[in-house]
**Q** 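Structure incoming, see below.
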Amino acid sequence: MPEPRLPAIAVLATGGTIAGVQSEQASAAYRAGALDVSELLAAVPGLGQLAHIRAEQVASVGSQNMSYDVWSRLARRVQALCQDPAVDGIVITHGTDTLEETAYFLSLVIRHDKPVVLVGAMRPATAPGADGPANLFYAAALAACPQARGRGALVVMNEDIHYAREVQKISCAGVNAFASPNRGRAGVMRGSQAFFYSGNTTVHSVASEFSLETLETGGWPRVEVVHAGVDLGGDVIEFLAGRCQGIVLAGVGDGNATDAAMQALQRAAASGVAVVRASRTGSGRVGRNGEVDDDAAGFIAAGELSPQKARVLLTLGLSQTRDVGKLQAYFDRY
Ligand code: SIN
């Protein structure tokens, strides 16, 4: 009997704590992105029995420094690997701080249904009980799994599988730092097997109307987030309105802010800046025309997207249109 063919998985490394090295083992201080991808893979027991792995270093950054330049390179490489018939799935190692934004971005621009799995670690590679090797094992197993196809980019952390649209880093410490607060996790890993709980909640890539090429030729629209709170003034919004094509409000409660801030946002919208109302609360749905009259103000409601994901979608949306109705339709769809 011929041996069953092992799946071929491409691992693209970008840095982060998963590749982090401490100055001393008992210390909380460490440098993210210090190890290269071959060292990460060497620390994962059983990987060779799971898949044929080929690895590439795309970047070596702490993900607080993730940039549109790295996103472009990463997305182009992922797209090329998706089109390579010799590759069954793709794993991306990434810092956890902005992992959810990269996952959501990729789920919107990669046009293929091959598994793309993002993974990080909360503990550096040299820490006692480092979570990177286990997370990387599960990520490779998930990328090799036929049931992971057609679900857009997925995230694996701490044995949980998350959809790109849903996942959020909800704690700055501890290995259980990721959750999908609105719709729940997509499933779990048990050994090398994936168990999915629910259908895909993301309209991803294959059906997406966004493309990397439009961003690269037209430039990346500038979108920034304003965090609402007690006594927020309108001046910070006026400052941004002169510099940005889009502003996302990380609003109190249902995407709200002080009268001064809301009036400044209304003036920004009237001057052609796309204004999206999201919530700083971490979950829930910001709908249209509740506490705020979006129709009168010319605002867009973020739905269930967090402010940071609303920023990603608005950036992509503005690369296609400045029409508020069409932008709202993106938020209703994606
Ligand atoms: C980073 O995001 O690169 C640092 C933090 C982490 O990976 O956990």
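Note that ligands are numbered from 1 as they come in the structure, with each ligand's atoms numbered from 1 the same way. From a predicted model like this one, the values you see are computed outputs, not experimental measurements. We use all heavy atoms of the structure for the numbers below, so side chains are in, but hydrogens, waters and symmetry mates are not.
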**Q** Less than 4.0 angstrom from a charged side-chain N to a carboxylate O is my criterion; do Lys309 and Glu166 meet it?
**A** no

**Q** Pairs in or reaching into residues 132-143: which pass side chain to side chain donor-acceptor pair (under 3.5 Å), with residues at least two apart or in two chains?
**A**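 Those involving residues 132-143 do not exist here.
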
**Q** Compile the donor-acceptor pairs under 3.5 Å between side chains in residues 114-134 and protein atoms, sequence neighbours left out, one pair per line.
**A**
{"unit_1": "Lys114", "atom_1": "NZ", "unit_2": "Cys82", "atom_2": "O", "d": "2.8"}
{"unit_1": "Lys114", "atom_1": "NZ", "unit_2": "Asp84", "atom_2": "O", "d": "2.8"}
{"unit_1": "Lys114", "atom_1": "NZ", "unit_2": "Val87", "atom_2": "O", "d": "2.6"}
{"unit_1": "Arg123", "atom_1": "NH1", "unit_2": "Gly129", "atom_2": "O", "d": "2.7"}
{"unit_1": "Thr126", "atom_1": "OG1", "unit_2": "Gln22", "atom_2": "N", "d": "3.0"}
{"unit_1": "Thr126", "atom_1": "OG1", "unit_2": "Gln22", "atom_2": "OE1", "d": "2.7"}
{"unit_1": "Asp131", "atom_1": "OD1", "unit_2": "Met122", "atom_2": "N", "d": "3.3"}
{"unit_1": "Asp131", "atom_1": "OD1", "unit_2": "Arg123", "atom_2": "N", "d": "2.9"}
{"unit_1": "Asp131", "atom_1": "OD2", "unit_2": "Met122", "atom_2": "N", "d": "2.9"}

**Q** I'd like to know whether the aromatic ring centres of Tyr104 and Trp71 sit less than 6.0 Å apart in this structure.
**A**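 Tyr104 vs Trp71: aromatic centres not under 6.0 Å.
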
**Q** Show me the side-chain donor-acceptor pairs of residues 239-246 shorter than 3.5 Å, one per line, residues at least two apart or across chains.
**A**
{"unit_1": "Arg243", "atom_1": "NH1", "unit_2": "Phe239", "atom_2": "O", "d": "2.9"}
{"unit_1": "Gln245", "atom_1": "OE1", "unit_2": "Arg222", "atom_2": "N", "d": "3.3"}

**Q** Give the residues near ligand 1 by chain and number, with the criterion being a heavy-atom distance under 4.0 Å.
**A**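 Residues Gly16, Thr17, Tyr30, Gly62, Ser63, Gln64, Gly95, Thr96, Asp97, Ala121 each place a heavy atom under 4.0 Å from ligand 1, listed by chain and number.
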
**Q** Anything under 30° is parallel, anything over 60° is perpendicular, the rest tilted; go ahead and classify Trp220 against Phe105.
**A**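 Tilted, since the angle between the ring planes falls between 30° and 60°.
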
